[in-house]
Structure formats: structure tokens, C-alpha cells
Amino acid sequence: MPRIAIIGGGPAGLFAAERLAAAGHAVTLFDRMPSPGRKFLMAGRGGLNLTHSEPLERFLARYPDCPEALEKAIRAFPPDALRDFAAELGQRTYIGTSGRIFPEAMKASPMLRAWLDRLDARGVGFKLRHDWQGWDETGALRFATPSGPVGVAADATLLALGGASWPRLGSDGGWAKLLAAKGVAVAPLTASNVGVLCEWSDKMRERAGEPLKRTDFAIGVTGVIGEAVVTGKGIEGGAIYALSAAIRAALAKGAVTLMLDFRPDLTPSALLGRLAEGRKGDSLANRLRKGAGLSAAQVSLLHEAAFREGRKLADEGPQGLARSIKACPVPISGMAGLDRAISTAGGVPFEALTPDFMLKALPGTFVAGEMLDWDAPTGGYLLQATFATGNAAAQGISRWLMAR
């Protein structure tokens with residue numbers, strides 16, 4: 001029986017093992033950490049957003065410049081298939097008010113336990129604390145282990161080592177150098193779905209931890225209405241993550257300014273009317289809090305913008321305040337690092353793969369998951385693509401072994 005080595009115990013590697021073992025293949029999964037699925041468990045701390053319920057065409061549009069191979073993989077394993085798989089593991093799912101799909105347990109641990117039990121029952125072997133070091137002169141896989149170096153011969157190998165975000169959970173992107181040494185060009189790994197950095201004043205830093213609700217965040221013509229949180233170094237949260245690709249592209253060209261509309265539900269004239277309704281003698285704070293309905297953090301951002309521009313909000317009338325509320329500029333100095341990123345952009349380009357997700361330069365070596373060069377916002381799109389590419393790579397391995 002052909003020996004299949006899967007390197008990486010995240011969702012892509014585990015799901016490929018699931019599919020290959022179900023097809024009767026001999027599978028051994030290697031991971032550098034003491035236990036598999038650590039980043040999967042981390043994702044479960046926020047409720048484990050598995051996928052999304054929107055129509056598939058709209059779903060696919062969430063992936064910037066979606067590669068054809070990724071689109072085919074998701075169409076072959078769509079959101080409903082992922083929900084069915086979760087149900088097989090005893091984890092029924094439900095659709096939240098935002099359309100996102102979660103397990104009823106709202107955490108990853110029950111699903112992961114059931115999953116690992118099923119893989120064990122199907123004969124999948126687990127070799128933990130095995131840190132992949134590339135290949136030796138005979139083509140065997142090399143691992144560093146607590147007891148010393150180990151060589152493993154495999155008839156097919158799947159690399160599913162993740163990107164470079166949250167390196168303490170096992171994915172540090174070190175594999176990029178190993179592939180480069182074999183002639184595989186890897187697009188630089190950069191942070192995605194991560195907060196932005198802003199040069200706050202001391203007053204603004206005091207607002208760290210306060211939310212920015214019902215706000216329209218925009219970079220150029222790209223905008224998202226949602227929520228975020230002020231941090232001591234900038235802003236982070238779902239709305240910012242959705243703009244990661246646009247922010248990253250803009251930063252590559254130079255200075256970037258994030259424009260905030262604190263009342264996207266009101267037209268400028270309607271907002272002006274509310275500001276003008278205040279009683280004579282009302283303080284600026286009351287006009288902004290009661291008239292415009294702004295939070296303390298939003299008011300602080302207005303003062304921050306006015307200070308940078310050398311003006312005072314207290315000197316502005318209703319029209320000036322309305323303009324500031326509908327278009328508050330926040331300069332961005334950069335993006336937070338990979339250690340704080342939810343996911344990674346960059347990786348192995350799809351052009352380096354065959355249609356079966358095998359590396360053209362390394363026959364018998366396949367790639368899946370976040371190692372590949374694709375990007376997506378939060379909302380269920382990350383895990384869906386990870387499962388789908390794991391499924392596609394597993395099918396590719398089966399076809400390649402059968403052809404041989």
C-alpha cells in the first residue's frame with residue numbers, strides 16, 4: 001500500500017487525512033506541536049465560524065482575485081458540504097443573524113475530539129513533535145524530533161503547514177525557505193485580517209478597548225459598514241479585517257488614510273438637522289453625544305482629526321460638525337505584525353501547481369491550505385477554503401497514485 005505523509009495538523013491536513021483514509025490509503029500525519037489542531041482551537045475561541053450561508057456566487061466573490069483552482073475546489077466542496085461534515089462529527093450547525101455559520105456548541109474542541117477519534121479509528125497515524133526540515137539526499141523527508149533526526153520515505157507527500165500567522169501555534173512560515181531551495185518561488189508571506197497602526201495622541205490611547213459601532217470604514221472607494229475596536233496602537237476588528245487587502249495594497253503605494261463615517265445611516269442633511277436641534281447653550285459634548293448619537297471613542301477621533309488639522313471642533317457650527325462626522329480622516333502608518341494576524345496572504349502560487357494541487361517542480365509533493373497564495377476576509381471564508389483545498393489535494397493524491 002502506498003505510504004502517504006501529511007505534514008501539518010491543521011484543518012487542511014486533517015481533512016486530507018480524512019479523505020485519504022476513507023479511500024483506504026495508509027496515512028501518517030506529522031506535526032511539530034505536541035497536539036494537532038491548535039490554530040483550529042484558537043479559531044473556536046470566537047465561536048468557530050466555519051463558513052457562510054450566502055449564495056455561492058457571492059461567497060466566491062469574497063476572495064480577492066480568486067484563483068481558478070481555488071474556485072473549483074470550493075465548488076467541489078461548498079459550504080453545505082462542510083456543514084454536513086460537521087454533522088457527521090456530531091456537531092450540528094446554525095446560521096447566525098449575520099449569515100455566518102457556527103456549530104451549536106460554539107467552540108472547536110468537541111468537533112476536534114470527535115474528528116481525531118474518527119481518524120484514529122480509520123488507521124491514521126500521528127507523529128507529533130516532528131518538525132519538518134526538508135528532504136535528505138535520497139529524497140526522504142527529514143524531521144527533527146526530541147529524540148533526534150528522523151528520515152521518512154513516502155510515496156506521496158502533502159504539505160499543509162499553514163501560513164505564518166500566530167507562529168506560537170505552529171505555523172511560522174519556515175517552509176518557504178525549504179521550498180525555495182527546491183526551486184519553488186513563494187510569494188512573500190504578509191499579515192492579513194489584522195489591525196492597523198495609527199500614531200495616536202496620549203488622549204486617544206486612553207480610549208484603548210472602546211468599540212466603534214455602526215461605522216463606515218473606507219479606503220478609497222472600498223468601504224465596509226461594521227464594528228471595530230480602538231487599541232493602544234491603532235484599530236482592529238471585523239470591519240478592518242475586511243479591508244485588509246485594500247489597506248495592504250494602498251500601503252504599498254504610499255501614505256494611507258482611513259475615512260470613517262460615524263453615522264452611515266443618516267444623510268448629511270438629516271445629520272445636520274439633528275445637530276441643529278440642540279438647545280441653545282448645549283455643550284459640544286452634548287451635541288455630539290445626544291444630537292449625533294456618537295460614542296466617546298468616536299468623539300475622541302473627531303478631536304484627534306481636528307487637532308492634526310490645526311482646528312477646534314468647538315469653533316465649528318452644525319455644518320462643520322456634520323462634515324467631520326461623515327468623513328473623519330484617520331492616517332494609517334502600517335499594519336500589525338504576523339504574530340497578531342488572523343491569517344496570511346502570499347504563499348505558493350497556484351501557477352506552481354498542477355490542477356491536482358501537486359508542485360510541478362516536485363512530483364509527488366502536494367500543497368493545501370494557507371500555504372497557498374490566496375486571501376479572504378473573516379466570516380467563514382478562511383476555514384471553507386482551507387477545507388476545500390485539503391479535499392482537492394487529497395483527490396489529487398489519489399489520482400496520482402492510481403495513475404502510477
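Index from 1, following the sequence. Below, all heavy atoms of this structure are taken into account, side chains as well, without hydrogens, waters or symmetry copies.
In this structure, the side-chain contact (heavy atoms from CB on, under 4.5 Å) partners of Ser324, at least two apart in sequence or on a different chain, are Leu302, Arg311, Leu313, Glu316. Residues that satisfy the ring pair (Phe, Tyr, Trp, His ring centres under 6.0 Å) test with Trp135, not counting sequence neighbours, are Trp132. Annotation: salt bridge (charged side-chain N to carboxylate O under 4.0 Å, His left out) contacts of Arg263 (sequence neighbours excluded): Asp265. Scored by the ring pair (Phe, Tyr, Trp, His ring centres under 6.0 Å) test, Phe262 finds no partners at all (sequence neighbours excluded). Partners of Pro2 according to the side-chain contact (heavy atoms from CB on, under 4.5 Å) rule, which considers only residues two or more places apart in sequence or in another chain, are Asp155, Leu401. Checked against salt bridge (charged side-chain N to carboxylate O under 4.0 Å, His left out), Glu210 has the following partners two or more places apart in sequence or in another chain: Arg207. For Thr344, the side chain to side chain donor-acceptor pair (under 3.5 Å) criterion is met by Glu370, not counting sequence neighbours. Under the rule for a salt bridge (charged side-chain N to carboxylate O under 4.0 Å, His left out), Asp120 has no partner lying at least two apart in sequence or in another chain. Remark: Glu54 engages His52, Arg58, Phe59, Arg62, Tyr381 in a side-chain contact (heavy atoms from CB on, under 4.5 Å) (not counting sequence neighbours). Applying the salt bridge (charged side-chain N to carboxylate O under 4.0 Å, His left out) rule to Glu68 yields the partners Lys72; only residues at least two apart in sequence or on another chain are considered.
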Run Asp136 and Thr138 through side-chain hydrogen bond (donor to acceptor under 3.5 Å, both in side chains) and show every step you take. CA-CA 5 Å; Asp136 65 17; Thr138 70; 2.7 Å; yes
Show your working on salt bridge (charged side-chain N to carboxylate O under 4.0 Å, His left out) between Arg122 and Glu18 and close with a plain yes or no. CA-CA 8 Å; Arg122 289 181 172 176; Glu18 168 81 25; 2.6 Å; yes
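Judged by distance alone, the side chains of Thr145 and Lys127 never bring a donor and an acceptor atom under 3.5 Å apart.
Phe307 CZ: 12 or fewer foreign heavy atoms inside a 6.0 Å radius.
Closest approach of Ala86 to Leu50, counting heavy atoms only: CB-CD1, 4.1 Å.
The stretch residues 231-258 participates, sequence neighbours left out, in these side-chain hydrogen bond (donor to acceptor under 3.5 Å, both in side chains) pairs: Arg248-Asp375. Within the structure, the ring-ring contact (aromatic ring centres under 6.0 Å, His included) test picks out the following pairs touching residues 64-91 (sequence neighbours left out): Phe15-Phe77, Phe15-Phe85, Phe85-Trp115.
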